[in-house]
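Worksheet: the structure to be examined is printed underneath.
Atoms within each ligand, like the ligands themselves, are counted from 1 in listed order. Atoms considered below: every heavy atom in the structure, side chains included; atoms not considered: hydrogens, waters and symmetry mates. Just so we're clear, the structure is a prediction, and the values are computed from it rather than from any experiment.
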Amino acid sequence: MKAITLLGSTGSIGTQTLDIVAQYPEQFRIVGLTAGRNVTLLSQQIRQFKPEIVAICDEDKLEELQRAIADLDPQPILLAGESGVVEVAKYGDAEAVVTGIVGCAGLLPTIAAIKAGKDIALANKETLIAGGPVVNPLIEKYGVKVLPADSEHSAIFQCLQGIPAGGLRRIILTASGGSFRDLPIDKLAQVTVADALKHPNWSMGQKITIDSATLMNKGLEVIEAHYLFGMDYDDIDIVIHPQSIIHSLIELQDTSVLAQLGWPDMRLPLLYALSWPERIQTDWPQLDLVKSGDLTFREPDHEKYPCMQLAYAAGRAGGSMPAVLNAANEQAVALFLEEKITFLDIPKLIEKVCDKHQADNCETPALDDILAADKWARQEVLAGSVELGDRILSVR
Ligand code: NAD
Ligand code: MG
């Protein structure tokens with residue numbers, strides 16, 4: 001039985017991970033859980049999965065959580081705040097930590113888990129994108145494994161099993177195209193938050209759904225692939241594949257191409273991240289190629305979706321630039337969700353902040369440099385959005 005800790009248990013990744021644990025109680029056991037602020041769901045999860053330790057990030061919710069599980073015996077250790085999340089990440093005999101926190105908030109807990117010798121089932125891509133220059137050496141130093149749970153990176157990882165070192169020539173990331181894939185470019189100026197949150201193929205948290213609509217998600221995944229698989233940016237390509245059946249492909253040195261296929265269901269990459277190198281037999285719907293219908297592909301439209309090129313540029317710049325890109329994106333998406341900026345402002349704000357960081361890009365950043373770059377980029381986006389304020393009010 002594998003002991004696992006789950007960060008971000010109340011989110012999309014978190015609840016799907018717990019579905020797997022509930023379905024395979026012989027294989028997996030929960031040691032620790034953390035969540036942001038959803039006491040109702042977290043307390044249900046504590047009752048069902050009986051973790052030894054739990055943290056709620058919002059300290060104001062701790063008392064409510066204590067009351068909600070007061071009748072439980074034995075009681076889990078209950079902690080609060082960011083430091084509580086870090087404690088859970090490194091606690092006890094968990095072999096693997098599933099990172100289902102959204103955003104760069106996952107960075108310190110992930111580092112704590114690595115230093116405690118735990119393998120990482122990585123959903124929280126922002127952590128690797130912002131912290132790659134710090135996280136990758138730690139992975140090496142502590143000898144832990146990073147098992148990708150993002151569906152594209154899981155696909156690449158699955159295809160790579162058995163490929164000798166040096167055999168990989170190119171990575172081809174597939175993209176669904178997001179909420180606006182069939183919308184003409186001139187209509188993007190008017191789209192609303194509700195429009196952007198309607199993803200055609202996947203049901204996910206709000207932030208990644210907006211990232212999918214801007215295609216920044218794919219840009220972030222290019223950087224994620226660079227740090228996970230050590231590929232040059234010139235050898236990572238994106239192709240639009242609206243059906244989301246092929247989850248990504250690899251090309252080998254001899255031009256042979258391998259792909260991983262499946263219904264769009266995050267439980268599959270999550271299960272493989274937890275069971276690797278084993279394969280667990282499931283009763284999930286099997287892929288039916290006839291039912292899945294035509295599989296089509298097209299070139300990404302960089303004019304309509306400038307975020308992909310912004311991400312390639314930030315990845316190539318390296319150093320602290322990916323942290324700036326990521327933080328600027330997180331802040332811009334938060335402002336868009338609050339209806340304070342428009343959809344098209346997202347790439348504009350990010351580009352401005354990345355341009356401004358060029359002169360200060362720290363080539364080999366330490367953790368403090370990354371945290372400082374993250375903080376600076378958020379402030380810059382907030383300042384930039386104030387300048388946009390009057391125009392926004394006139395648009396709405
Ligand atoms: P979500 O918003 O549904 O859930 C986020 C979880 O993190 C929640 O439990 C929330 O309480 C917790 N959380 C939020 N802010 C926090 C903070 N500051 N500190 C501690 N905990 C906090 O998000 P999601 O869609 O599950 O995505 C999680 C991560 O997985 C993201 O990095 C995303 O890019 C990645 N991912 C998600 C999917 C998907 O299908 N949802 C697919 C691929 C990758
Ligand atoms: Mg993905």
Side-chain angles (χ1 to χ4, degrees), residues 6-19 32-42 45 54-59 61 65 79-89 97-110 112 120-131 148-157 171 173-178 197 199 201-212 215-225 228 238 241 244 246-248 260 262 264-270 273 326-327 329-330 333-334 337 374 378:
L6 171 58
L7 310 180
S9 65
T10 53
S12 163
I13 289 291
T15 51
Q16 293 181 88
T17 302
L18 290 177
D19 282 349
L33 293 178
T34 80
R37 55 199 322 275
N38 184 344
V39 170
T40 310
L41 183 54
L42 180 58
Q45 293 174 340
V54 176
I56 185 143
C57 192
D58 184 343
E59 304 187 19
K61 296 275 175 182
L65 181 63
L79 303 170
E82 282 166 29
S83 60
V85 177
V86 166
E87 283 307 311
V88 174
V97 172
V98 181
T99 62
I101 290 182
V102 58
C104 200
L107 181 58
L108 296 182
T110 304
I120 305 295
L122 186 94
N124 177 220
K125 66 191 91 185
E126 295 93 340
T127 280
L128 190 63
I129 290 154
D150 207 353
S151 59
E152 297 76 3
H153 305 75
S154 173
I156 295 159
F157 182 63
I171 283 174
L173 292 170
T174 53
S176 69
L197 285 175
H199 195 285
N201 301 359
W202 301 90
S203 154
M204 310 182 286
Q206 290 199 333
K207 191 260 179 183
I208 186 175
T209 306
I210 302 301
D211 285 348
S212 300
L215 279 169
M216 179 56 98
N217 184 49
K218 213 48 54 180
L220 295 175
E221 289 181 354
V222 167
I223 303 175
E224 184 185 9
L228 277 174
I238 297 172
H241 167 48
S244 295
I246 296 184
H247 297 305
S248 279
Q260 186 263 335
D265 182 342
M266 278 307 293
R267 289 177 309 167
L268 184 50
L270 282 167
N326 175 68
N329 180 57
E330 283 189 33
V333 170
L337 285 168
D374 177 283
R378 287 169 202 265

Just by distance, with hydrogens left out, do Ser12 and Gln16 show a side-chain donor and acceptor under 3.5 Å apart? yes
Candidate list Leu6, Leu7, Val86, test side chain to side chain contact (heavy atoms under 4.5 Å, CB included), partner Thr34, passing option: Leu7
Checking the side chain of Gln45 only, and the main-chain atoms of Ser9 only, is there a donor and an acceptor separated by less than 3.5 Å? yes
Between Asn326 and Lys125, a side-chain donor and acceptor under 3.5 Å: no
Using heavy atoms and a cut-off under 4.0 Å, could you grab the residues that are in contact with ligand 1, chain by chain, numbers ascending? Gly8, Ser9, Thr10, Gly11, Ser12, Ile13, Ala35, Gly36, Cys57, Gly100, Ile101, Val102, Ala105, Ala123, Asn124, Lys125, Glu126, Asp150, Met204, Gly205, Ile208, Met266
Could I get the full list of side-chain contact (heavy atoms from CB on, under 4.5 Å) partners for Ser244, not counting sequence neighbours? Ser176, Asn201, Trp202, Pro264
What N/O/S atom of Glu152 is the closest to the Mg ion (ligand 2)? OE1
For Glu221, what is the atom name of its N, O or S atom nearest to the Mg ion (ligand 2)? OE2
Looking only at heavy atoms, which two atoms of Glu224 and Leu128 are closest? And how far apart? O-CD2, 4.0 Å
Any idea which N/O/S atom from Asp150 gets closest to the Mg ion (ligand 2)? OD1
Just to verify, which of His247, Gln260, Lys218 counts as forming a side-chain hydrogen bond (donor to acceptor under 3.5 Å, both in side chains) with Glu152? Lys218
